[in-house]
There are 2 protein chains.
Amino acid sequence: MTATNGGPTGTRQDTVAAVVRQWQSVHPDLDTAPMEIIGRINRCAALLQQAEDAPLRRAGLSRPEFDLLGALRRTGHELTPSELARETFSSGAAVTKRLKLLTERGLVERRGDSRDRRVAHLRLTDAGRELVDGTLPEQLAYETAVLSGLDPRRQHELASLLGELLSQLEGRLGALRA
Amino acid sequence: MTATNGGPTGTRQDTVAAVVRQWQSVHPDLDTAPMEIIGRINRCAALLQQAEDAPLRRAGLSRPEFDLLGALRRTGHELTPSELARETFSSGAAVTKRLKLLTERGLVERRGDSRDRRVAHLRLTDAGRELVDGTLPEQLAYETAVLSGLDPRRQHELASLLGELLSQLEGRLGALRA
DNA sequence: GAACCATTCTTTACGAGTAAAACACTTGCT
DNA sequence: AGCAAGTGTTTTACTCGTAAAGAATGGTTC
């Protein structure tokens, strides 16, 4: 173990490290390595989600709502509810509810398919597109500030490792379900 | 397959990379770097949470319930509801509900404080401790399997970078709230 | 063309989390 | 002592998500 923090290189302990230390002292035989990744990912996600919503709230949007609008914006074309569900990783029912609210607020419009009357096509209204385009830069700036504690070199490494992990998880997880 | 470091040709693409590419083509001027970290953390957390619960479900526990029992186990002493809330990063109300269920199931016991009759002290029953001690190794083995797509060297790097990020977030986020 | 199955989306029932109010108790001030 | 303010916990009202059932439509097979 290195010396205490206080110097410019000294790193402050995170809570997961403390938790892992506790487990080690109770069960010294246990391999707690996965906690240091999974526990931290969960904890980071929780903290980021709390903090992250700040600029979105100014726009009156929740993160899942913004994700839905963003999917319509970034694909650049209309999407059906099931495509939106896939795109935003949420259930069809959740999409239905969000679409109801967002259409009432005039941010998205629906159009029925002429051939297959089961499907609906959703697109952003002008107001919706303006809201996304106005909010996204603020959101990204905020996120940049939130991450600024990590120097750019490390941010890049982290992004790269997370990308590797994620692509593994996305490839495997369906198969691993036991 | 091929060398994975840096080359976009070698590694399977994750979904976040595709999303980022879409944004880039719509708003080429935008700095989408934070998405590659925050988006991936969120997505990893979602996937892990889904998959992760498998061994816990066998024990009839949700992840938050297990976290609560684990907090009692790893600290090794009694905790009050508010300490449990802090320890598991959830609201007091949620802890109250979980404690109700877990005491009904005979996994935790409550004891009133003799001096201050507002506070309760919670501890694991023998059954509770046995459940935690029996489940945790399975859980960790499963998590190890889930992470096994990443080689140990990279797992260590990832854990370390996440630790840095998390300690920054935990230190700063309270102050950043605007 | 009618019965059957698959699909797309919506509705319903419910579980779980939170914020804020309520409650129970303690502490400090006068 | 008596009352105000503070603290720890629970309750209440509400939001939001999902799974499962339901409704509407399309396709297929005989």
Side-chain angles (χ1 to χ4, degrees), chain A residues 42-43 45-47 49-54 56-57 60-69 71-72 78-105 108-123 177, chain B residues 42-43 45-47 49-54 56-57 60-69 71-72 78-105 108-123 177:
Chain A
N42 287 332
R43 182 95 180 95
L47 283 177
Q49 234 152 12
Q50 262 191 327
E52 200 172 72
D53 291 348
L56 294 183
R57 286 211 191 288
L61 293 172
S62 69
R63 154 90 14 194
E65 283 171 337
F66 185 78
D67 284 349
L68 195 161
L69 297 178
L72 289 171
E78 296 181 330
L79 292 171
T80 68
S82 40
E83 287 168 338
L84 280 168
R86 244 194 317 281
E87 210 61 47
T88 63
F89 309 113
S90 52
S91 71
V95 169
T96 297
K97 286 186 183 177
R98 274 173 223 143
L99 285 176
K100 186 164 180 291
L101 293 174
L102 293 171
T103 52
E104 281 169 4
R105 288 172 61 181
V108 303
E109 277 174 348
R110 52 192 321 145
R111 178 181 70 77
D113 189 304
S114 43
R115 309 191 180 187
D116 186 341
R117 292 193 312 199
R118 290 169 303 183
V119 329
H121 297 273
L122 284 303
R123 62 163 168 262
R177 295 284 181 84
Chain B
N42 286 332
R43 181 96 180 96
L47 283 177
Q49 234 152 13
Q50 263 190 325
E52 199 174 69
D53 290 350
L56 294 182
R57 285 210 192 289
L61 292 172
S62 69
R63 155 98 358 206
E65 284 171 338
F66 186 78
D67 283 350
L68 195 161
L69 297 178
L72 289 172
E78 296 181 331
L79 293 171
T80 68
S82 39
E83 286 168 338
L84 280 168
R86 244 194 316 282
E87 208 64 44
T88 64
F89 309 114
S90 54
S91 71
V95 169
T96 296
K97 286 186 183 179
R98 273 173 226 144
L99 286 175
K100 186 164 179 292
L101 292 174
L102 293 172
T103 53
E104 280 169 6
R105 289 172 60 183
V108 303
E109 278 174 347
R110 54 193 318 146
R111 180 179 69 77
D113 189 303
S114 45
R115 306 191 181 189
D116 186 339
R117 292 192 313 196
R118 289 169 305 182
V119 330
H121 298 274
L122 283 305
R123 61 164 169 262
R177 295 283 181 80

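A, B, ... follow the sequence lines: proteins, then strands. Residue 1 opens every chain. Computation of the quantities below employed the complete heavy-atom set of this structure, encompassing side-chain atoms and omitting hydrogens, waters and symmetry-equivalent molecules. Model, not experiment: these values are computed from the prediction.
Within 4.0 Å (heavy atoms only), A/S90 reaches sugar-phosphate atoms of the nucleic acid but no base atom. Nucleic acid contact for B/S62: none, since no nucleic acid atom lies under 4.0 Å from a heavy atom of the residue. In this structure, A/S82 reaches the sugar-phosphate backbone alone: every heavy-atom distance under 4.0 Å involves primed, P, OP1 or OP2 atoms, never a base. Counting any heavy atom pair closer than 4.0 Å across all strands shown, B/R63 reaches no nucleic acid atom.
Listed for the A/E65 side chain is a donor-acceptor partner under 3.5 Å among the backbone atoms of A/S62. Counting only distance, with no hydrogens or angles, the side chain of B/E83 and the backbone of B/T80 share a donor-acceptor pair below 3.5 Å. Under a 3.5 Å cut-off, the side chain of B/Q49 and the backbone N or O of B/A46 do not form any donor-acceptor pair.
Rounded to a whole Å, the CZ atom of B/R98 is 16 Å from the P atom of D/dT11. Atom CZ in A/R57 sits about 11 Å away from atom C1' in D/dT15, given to the nearest Å. Taking atom NZ of A/K97 as the reference point, atom P of D/dT15 lies 11 Å away to the nearest angstrom. We find that CG of A/D113 is positioned 14 Å from C1' of D/dA24, with the value rounded to whole Å. In this structure, B/R111 atom CZ and D/dT9 atom P are separated by 12 Å, rounded to whole Å.
Judged by closest nucleotide on DNA chain C, A/D116 is the one of A/D116 and A/K100 placed further toward the 5' end. Of the two residues contacting DNA chain D, namely A/E65 and A/R117, the nearest-nucleotide position lying further toward the 5' end is that of A/E65.
A donor N or O paired with an acceptor N or O is found under 3.5 Å between the base of D/dT7 and the side-chain atoms of B/R118.
In the displayed structure, A/R115 atom CZ is contacted under 6.0 Å by at most 12 heavy atoms of other residues, nucleotides or ligands. Surrounding CZ of B/R111 are more than 12 heavy atoms belonging to other residues, nucleotides or ligands, all under 6.0 Å away.
Look at A/R115 and you won't find any side-chain N or O under 4.0 angstrom from OP1 or OP2 of D/dT25.
Looking at heavy atoms from C-beta onward, A/P81 lies in side-chain contact with A/L122 at the 4.5 angstrom threshold. A/L84 places a side-chain heavy atom less than 4.5 Å from the side chain of A/L72.
With a heavy-atom cut-off of 4.0 Å to chain B, the contacted part of DNA chain C has its first and last nucleotide at C/dG17 to C/dT26.
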